[in-house]
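First the structure, in the form of structure tokens, and then the observations on it.
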Amino acid sequence: MVREANKKDLNEILQLYLYLHEENVPGDTEHLRNTWESIVNDTNHHLIVCEVDGKIVASCVCVIIPNLTRSVRPYAFVENVVTHGECRKKGYATACLDFAKRIAGDICEYRSV
């Protein structure tokens, strides 16, 4: 199942990021909690996860950025695409990217009207 992350997903996402380029999981600090709150409450920041059997196995971030060009149409930036090492080559990251594409298309289309 592909969905947007929710507040309870933080620890699983941090563990997944070890497969991205992180060497360790950041400590549970006020800064980490504030950053997480900012991410999950930002309507332009979409952290997308793919969940299989109750476990997050892939993820990507899609940020919608306001823009003054192209008829004041926003654009999307996709980053931090990652799949758990044991779950690669199964299309999970592609499913996350497809979800991001739908979000970006819907939002950018809506805001350009």
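From a predicted model like this one, the values you see are computed outputs, not experimental measurements. Residue indices begin at 1 and follow the sequence shown.
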Nearest non-hydrogen partners of Cys62 and Ala104, listed with the distance: SG-CB, 4.4 Å
Looking at CZ of Arg88 and OG1 of Thr83, how far apart are the two atoms once the value is rounded to the nearest 0.5 Å? 6.5 Å
Distance in Å, Arg102 CZ paired with Ile48 CD1, rounded so as to fall on 0.5 Å steps: 9.0 Å
Out of curiosity, does Leu97 fall in the hydrophobic cluster containing Phe99 (side-chain heavy atoms, cut-off under 4.5 Å, transitive links)? no
Linked, directly or transitively: Val49 and Leu14 (ILVMFWY side chains, under 4.5 Å): yes
So, applying side chain to side chain contact (heavy atoms under 4.5 Å, CB included) with Asn80, which one of Leu16, Val61, Leu47, Ile13 is it? Val61
Are the side chains of Gln15 and Asn11 in contact, using a 4.5 Å heavy-atom criterion? no
Lys101/Asp106 under salt bridge (Lys or Arg N to Asp or Glu O under 4.0 Å): CA gap, chis, key distance, verdict: CA-CA 8 Å; Lys101 185 178 179 180; Asp106 291 348; over 6 Å; no
Ignoring hydrogens, what is the shortest heavy-atom contact between Leu32 and Gly27? Give both atom names and the distance. CD2-O, 3.4 Å
Are Tyr75 and Arg70 packed together at the side-chain level, in the sense that at least one heavy-atom pair is separated by less than 4.5 angstrom? no
Could you pull out the closest heavy-atom pair between Cys60 and Val81, with the gap in Å? CB-CG2, 3.8 Å
Can you tell if the side chain of Val63 reaches within under 4.5 Å of the side chain of Glu79, non-hydrogen atoms only? no
Provide the closest heavy-atom pair for Arg3 versus Asn6 in the form atom of the first, atom of the second, distance. NH1-ND2, 3.5 Å
What is the minimum heavy-atom distance between Tyr92 and Cys87, and which atoms define it? CD1-O, 3.4 Å
From OH (Tyr19) to CD (Glu86), nearest 0.5 Å: 5.5 Å
For the residue pair Pro74 and Ile64, establish whether any side-chain heavy-atom pair is separated by less than 4.5 Å. yes
Stepwise salt bridge (Lys or Arg N to Asp or Glu O under 4.0 Å) check, Glu12 with Lys55: CA-CA 8 Å; Glu12 257 192 285; Lys55 179 180 178 181; over 6 Å; no
Correct closest heavy-atom pair for Trp36 and Lys7 would be NE1-O, 3.0 Å
For residues Ile56 and Val25: do they belong to one hydrophobic cluster (side chain heavy atoms under 4.5 Å, members Ile, Leu, Val, Met, Phe, Trp, Tyr)? yes
Looking at OG1 of Thr94 and NZ of Lys89, how far apart are the two atoms once the value is rounded to the nearest 0.5 Å? 9.5 Å
Would a 4.5 Å heavy-atom cut-off, applied to side chains only, mark Val52 and Cys50 as touching? yes
Flag the pair Glu4 / Ile103 as yes when at least one side-chain heavy-atom distance between them is below 4.5 Å, and no otherwise. yes
How about Ile65 and Asn44: do any of their side-chain heavy atoms sit closer than 4.5 Å? no
